[in-house]
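Note sheet for the following structure.
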Amino acid sequence: GAVVSQHPSWVICKSGTSVKIECRSLDFQATTMFWYRQFPKQSLMLMATSNEGSKATYEQGVEKDKFLINHASLTLSTLTVTSAHPEDSSFYICSARPGTSPYEQYFGPGTRLTVT
Amino acid sequence: GQQVMQIPQYQHVQEGEDFTTYCNSSTTLSNIQWYKQRPGGHPVFLIQLVKSGEVKKQKRLTFQFGEAKKNSSLHITATQTTDVGTYFCAGGGESDSWGKLQFGAGTQVVVTP
């Protein structure tokens with residue numbers, strides 16, 4: 001149990017275009033989902049926290065107009081990177097927290113974004 | 001704000017040896033979690049510690065949460081080549097109700113046969 005999927009697993013896009021990444025909890029309902037960004041050989045940086053049906057809360061320094069997050073249902077959250085630039089190239093990972101636990105999070109496999 | 005520091009950043013270990021990675025938080029944590037990430041992979045959950053002074057073991061891995069709930073350690077005995085990867089600790093803030101985690105920088109482990 002507790003499986004989180006992400007789609008796509010990798011994507012290449014041209015500079016100036018937008019890319020949508022999906023995060024789904026497959027066998028549980030996730031009241032909260034988190035989006036992280038990871039640069040090569042670095043740690044995970046929390047970008048934003050999203051709760052179903054409400055606006056996402058962004059960490060300091062993360063542009064909310066550039067990284068649009070939608071948590072439309074208890075099993076789906078999306079991250080849209082708008083007007084992507086090469087510096088947005090990174091590994092984006094989501095995690096989902098079941099409503100039954102205050103602490104447990106389950107991570108998706110990540111999406112590698114390359115902007116050319 | 002809450003900061004989680006992890007040392008060492010790199011650990012070269014001879015197969016069969018033991019090693020420890022340490023995690024320290026600037027604030028008291030509600031819980032601490034440990035993850036392992038293989039090269040090219042995503043973080044995989046290893047363990048969660050919630051209670052002050054808690055110690056948990058998973059085969060050759062021993063996890064400890066400090067009495068003050070501000071530090072933690074992961075000790076691996078008899079290292080194997082399968083232990084290669086980066087180990088991250090991640091702490092949850094006491095006052096956070098959403099379950100946000102602050103990740104440490106990670107310890108990259110290289111095992112020499």
Side-chain angles (χ1 to χ4, degrees), chain A residues 1-7 9-10 21 23 25 30-52 54-62 69 71 77 90-112, chain B residues 1-11 21 23 25 29-51 54 56 63 65 69 72 84-110:
Chain A
V3 178
V4 176
S5 71
Q6 270 184 253
H7 178 80
S9 54
W10 59 270
I21 302 169
C23 177
S25 56
T31 53
T32 306
M33 286 186 170
F34 304 91
W35 286 95
Y36 295 85
R37 184 175 181 176
Q38 186 178 34
F39 290 107
K41 296 189 182 299
Q42 292 190 24
S43 187
L44 282 76
M45 183 193 79
L46 180 63
M47 298 175 66
T49 303
S50 75
N51 290 292
E52 186 262 340
S54 61
K55 288 185 178 180
T57 302
Y58 292 80
E59 296 298 302
Q60 195 171 8
V62 178
I69 292 172
H71 194 156
S77 176
S90 188
F91 194 46
Y92 292 89
I93 310 174
C94 73
S95 71
R97 182 172 72 83
T100 53
S101 168
Y103 302 132
E104 291 176 39
Q105 286 186 37
Y106 300 96
F107 281 79
T111 296
R112 189 160 302 281
Chain B
Q2 176 188 312
Q3 287 189 336
V4 175
M5 292 146 286
Q6 193 174 349
I7 56 170
Q9 189 175 4
Y10 299 100
Q11 182 77 58
T21 172
C23 191
S25 169
L29 301 171
S30 61
N31 76 106
I32 195 150
Q33 300 177 27
W34 286 89
Y35 293 82
K36 178 182 178 181
Q37 186 175 26
R38 292 181 182 274
H42 64 282
V44 174
F45 175 80
L46 293 177
I47 205 85
Q48 178 192 74
L49 304 169
V50 179
K51 298 176 183 176
E54 190 170 14
K56 287 188 177 180
F63 304 84
F65 201 9
K69 299 181 74 172
S72 180
V84 165
T86 300
Y87 293 83
F88 292 100
C89 63
E94 245 190 350
S95 58
D96 176 61
S97 59
W98 287 353
K100 285 167 49 173
L101 292 175
Q102 184 77 36
F103 276 75
T107 295
Q108 184 180 347
V109 176
V110 175

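Order of the sequence lines fixes the chain letters, A, B, ..., with proteins taken first and strands second; residue numbering starts at 1 for each chain. Here the structure is a predicted model, which means the values were calculated and not measured. All values below come from the heavy atoms of this structure, side chains included, with hydrogens, waters and symmetry mates left out.
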Handout entry: Between A:N51, A:T31, A:I93, the one whose heavy-atom pairs under 4.5 Å with chain B are most numerous
Key =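 It is A:N51.
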Side chain, backbone, both or neither: which part of [X] has a heavy atom under 4.5 Å from chain B?
| X | result |
| --- | --- |
| A:Q6 | neither |
| A:Q105 | both |
| A:L44 | both |
| A:Q60 | neither |
| A:F34 | side chain |

Handout entry: Under 3.5 Å donor-acceptor, A:S43 side chain and B:G106 backbone
Key =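 Judged by distance alone, no pair lies under 3.5 Å.
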Handout entry: Side chain, backbone, both or neither of B:V50 within contact of chain A (heavy atoms, under 4.5 Å)
Key =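 Just the side chain, heavy atoms under 4.5 Å.
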Exercise for the section: Go through the atoms of B:Q37 and report whether side chain, backbone, both or neither lie under 4.5 Å from a heavy atom of chain A. Expected result: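 Looking at B:Q37, just its side chain touches chain A.
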Exercise for the section: Using ring pair (Phe, Tyr, Trp, His ring centres under 6.0 Å) as the criterion, list what pairs up with B:Y10, not counting sequence neighbours. Expected result: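 For B:Y10, no residue satisfies ring pair (Phe, Tyr, Trp, His ring centres under 6.0 Å) once neighbours in sequence are set aside.
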Practice task
Hey, can you tell me if A:Y36 and B:F103 have their rings parallel, tilted or perpendicular (30° and 60° cut-offs)?
Solution key: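 The arrangement is perpendicular - the two ring planes meet at more than 60°.
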Practice task
Select, from B:P43, B:G41, B:A90, B:P39, the one with the greatest count of heavy-atom pairs under 4.5 Å involving chain A.
Solution key: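 Heavy-atom pairs under 4.5 Å are most numerous for B:P43.
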Practice task
Would you give the length of the straight line joining atom CZ of B:F45 to atom OG of A:S95, rounded to the nearest 0.5 angstrom?
Solution key: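 So the gap between those two atoms works out to 12.0 Å.
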Handout entry: A:K41 side, atom NZ; B:Q108 side, atom CD - distance, nearest 0.5 Å
Key =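 Rounded to the nearest 0.5 Å, the NZ-CD separation comes to 5.0 Å.
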